[in-house]
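In this chain, residues are counted from 1 in sequence order. Below, all heavy atoms of this structure are taken into account, side chains as well, without hydrogens, waters or symmetry copies.
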Amino acid sequence: MMGGKSGHLGVIVVGLLLCVTAAQASTDPAASEPSLARQQQLIRMVRQDCGSCHGMRLTGGLGPALTQQALADKPLDSLVATVHAGRPGTPMPPWSALLSYEEAAWIVKRLQTGFPEEVERGR
């Protein structure tokens, strides 16, 4: 017979597990992709703004290279945290004012697979 405190404890445990699972899903970098228009904005931002320190071809400069080869063995979560929160004590600024965590994850995933070029806009 299940009841009393044991039954309530089971409900609480299940509730906590559901909350943890939901929290993980909401912070999962793969959870959502930016719209195509936003993807183009992010590509331009990386090529222009990030490129000013990491090199216009992302092969390094003031900051390290952001090429597929340079990032191949780096953990995704660590790179996303660096993009989103910056690195205190270094020139790497936080981009959290301009990017969501999910957008930072999208950028890092693209960097790890070979970052796309900007699409030329029609005149």
> What residues form a side-chain contact (heavy atoms from CB on, under 4.5 Å) with Glu117, not counting sequence neighbours?
Replying inline: Arg47, Arg57
> Could you give all pairs that pass the ring pair (Phe, Tyr, Trp, His ring centres under 6.0 Å) test and reach residues 54-76, with sequence neighbours left out?
Replying inline: none
>> Side-chain heavy atoms nearer than 4.5 Å, only ILVMFWY residues, links allowed to pass through others: does that put Val46 and Met56 together?
In response: no
> Can you list every ring pair (Phe, Tyr, Trp, His ring centres under 6.0 Å) pair that touches residues 60-83, not counting sequence neighbours?
Replying inline: none
> In chain order, what residues pass the side chain to side chain donor-acceptor pair (under 3.5 Å) check against Gln48, with sequence neighbours excluded?
Replying inline: Glu118
> Taking the side chain from Arg44 and the backbone from Gln40, do they hold a donor-acceptor pair closer than 3.5 Å?
Replying inline: no
> At their closest point, which heavy atom of Ala65 faces which heavy atom of Leu71, and how far apart are they?
Replying inline: O-CD2, 4.3 Å
>> I'd like to know whether Leu42 forms a side chain to side chain contact (heavy atoms under 4.5 Å, CB included) with Arg110, so could you lay out the CA-CA distance, the side-chain angles of the two residues, the decisive distance to 0.1 Å, and finally the verdict.
In response: CA-CA 11 Å; Leu42 296 173; Arg110 299 294 97 45; over 6 Å; no
Taking distance alone, no hydrogens or angles, what donor-acceptor pairs closer than 3.5 Å link side-chain atoms of residues 79-95 to residues at least two apart or in another chain?
| unit_1 | atom_1 | unit_2 | atom_2 | d |
| --- | --- | --- | --- | --- |
| Thr82 | OG1 | Ser78 | O | 3.0 |
| Thr82 | OG1 | Arg87 | NE | 3.4 |
| His84 | NE2 | Leu99 | O | 3.2 |
| His84 | NE2 | Tyr101 | N | 3.4 |
| Thr90 | OG1 | Arg87 | O | 2.7 |
| Thr90 | OG1 | Met92 | N | 3.1 |

> Backbone N or O of Trp106 within a donor-acceptor pair of the Gln39 side chain at under 3.5 Å?
Replying inline: no
> Roughly how far, to the nearest 0.5 Å, is the CG atom of Leu58 from the CZ atom of Phe115?
Replying inline: 7.0 Å
> Without hydrogens or angle criteria, can the side chains of Gln41 and Arg38 be said to hold a donor-acceptor pair below 3.5 Å?
Replying inline: yes
> Could you state the interatomic distance from CD (Glu102) to CD1 (Ile107), rounded to the nearest 0.5 Å?
Replying inline: 12.0 Å
> Any link between Leu66 and Leu98 through a network of hydrophobic side chains (Ile, Leu, Val, Met, Phe, Trp, Tyr) touching at under 4.5 Å?
Replying inline: yes
